[in-house]
Amino acid sequence: AQRVTQPEKLLSVFKGAPVELKCNYSYSGSPELFWYVQYSRQRLQLLLRHISRESIKGFTADLNKGETSFHLKKPFAQEEDSAMYYCAESNGGATNKLIFGTGTLLAVQP
Amino acid sequence: EAGVAQSPRYKIIEKRQSVAFWCNPISGHATLYWYQQILGQGPKLLIQFQNNGVVDDSQLPKDRFSAERLKGVDSTLKIQPAKLEDSAVYLCASSLLGQPQHFGDGTRLSIL
């Protein structure tokens, strides 16, 4: 069965420090990987997807098929980055079904 | 564009009672999803509709949960009878075919 693992429940960093939120997936085919973010009192929203290969709000994520990882990175954290981050995997196809990880709470301290 | 609308935002019921949630997807989005998010976990797909047909309901506890999307637009999710373990946030999402999903604010359900 597909499984997405986010090993850290909480990641606390200081403003300006680098951030790396870890995500490992299990699907052996050609997965689509996503990062969703939920800011306080806001709805879950898409941050980025691996096929777009773009940087959103300074965040990037590279799909590493050898390590089955899709870690989210930002070189300099900002206080407004504090939020819950969910990694998700889809096997694509007609269903486009998302499998979510358990999420990591990023807390950026001033 | 208007986002995915859900109601109610909060619901408190006693176990064995019934409850219903409503979702209005983004206009034009043929695919609609219902997720259950238990505290401390990521969202888990319960059911997926493509227009008014069910695509995937493999994780839906069909003995107590039901969902419909009769006209291919709005959808309702019902729980009858509710159990304590159904306490969760119920999220609705919609998408164009093969495109990223857009989520609503969710309904927070508490079972007493």
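Here the structure is a predicted model, which is why all the values come from computation and not from measurement. A note on names: the letters A, B, ... follow the listed sequences, proteins ahead of strands, and every chain is numbered from 1.
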Co-membership, hydrophobic cluster, residues [X] and [Y], 4.5 Å side-chain:
X	Y	value
B:L45	B:L32	no
B:V89	B:F103	yes
A:Y39	A:L11	yes
B:L77	B:L109	yes
B:L84	B:F65	yes

Would you indicate whether the side-chain heavy atoms of [Y] and [X] approach each other to under 4.5 Å?
X	Y	answer
B:Y35	A:L98	yes
B:Q37	A:F100	no
A:K97	B:S58	yes
A:Y86	B:P43	yes
B:Q99	A:R49	yes

### Query
What's the verdict on side chain to side chain contact (heavy atoms under 4.5 Å, CB included) for A:Y36 and B:Q101, showing C-alpha distance, side-chain angles and the deciding distance?
CA-CA 10 Å; A:Y36 277 82; B:Q101 298 174 30; 3.9 Å; yes
### Query
Can you tell me how far the CG atom of A:L46 sits from the NE2 atom of B:H102, to the nearest 0.5 Å?
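So the gap between those two atoms works out to 7.5 Å.
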### Query
Can you name the one residue among A:R41, A:Q42, A:R43 that meets side chain to side chain donor-acceptor pair (under 3.5 Å) with B:D105?
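With B:D105 as partner, side chain to side chain donor-acceptor pair (under 3.5 Å) holds for just one option, A:R43.
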### Message
Can you tell me if B:I38 has over 12 outside heavy atoms packed within less than 6.0 Å of its CD1?
### Response
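Result for CD1/B:I38: enclosed.
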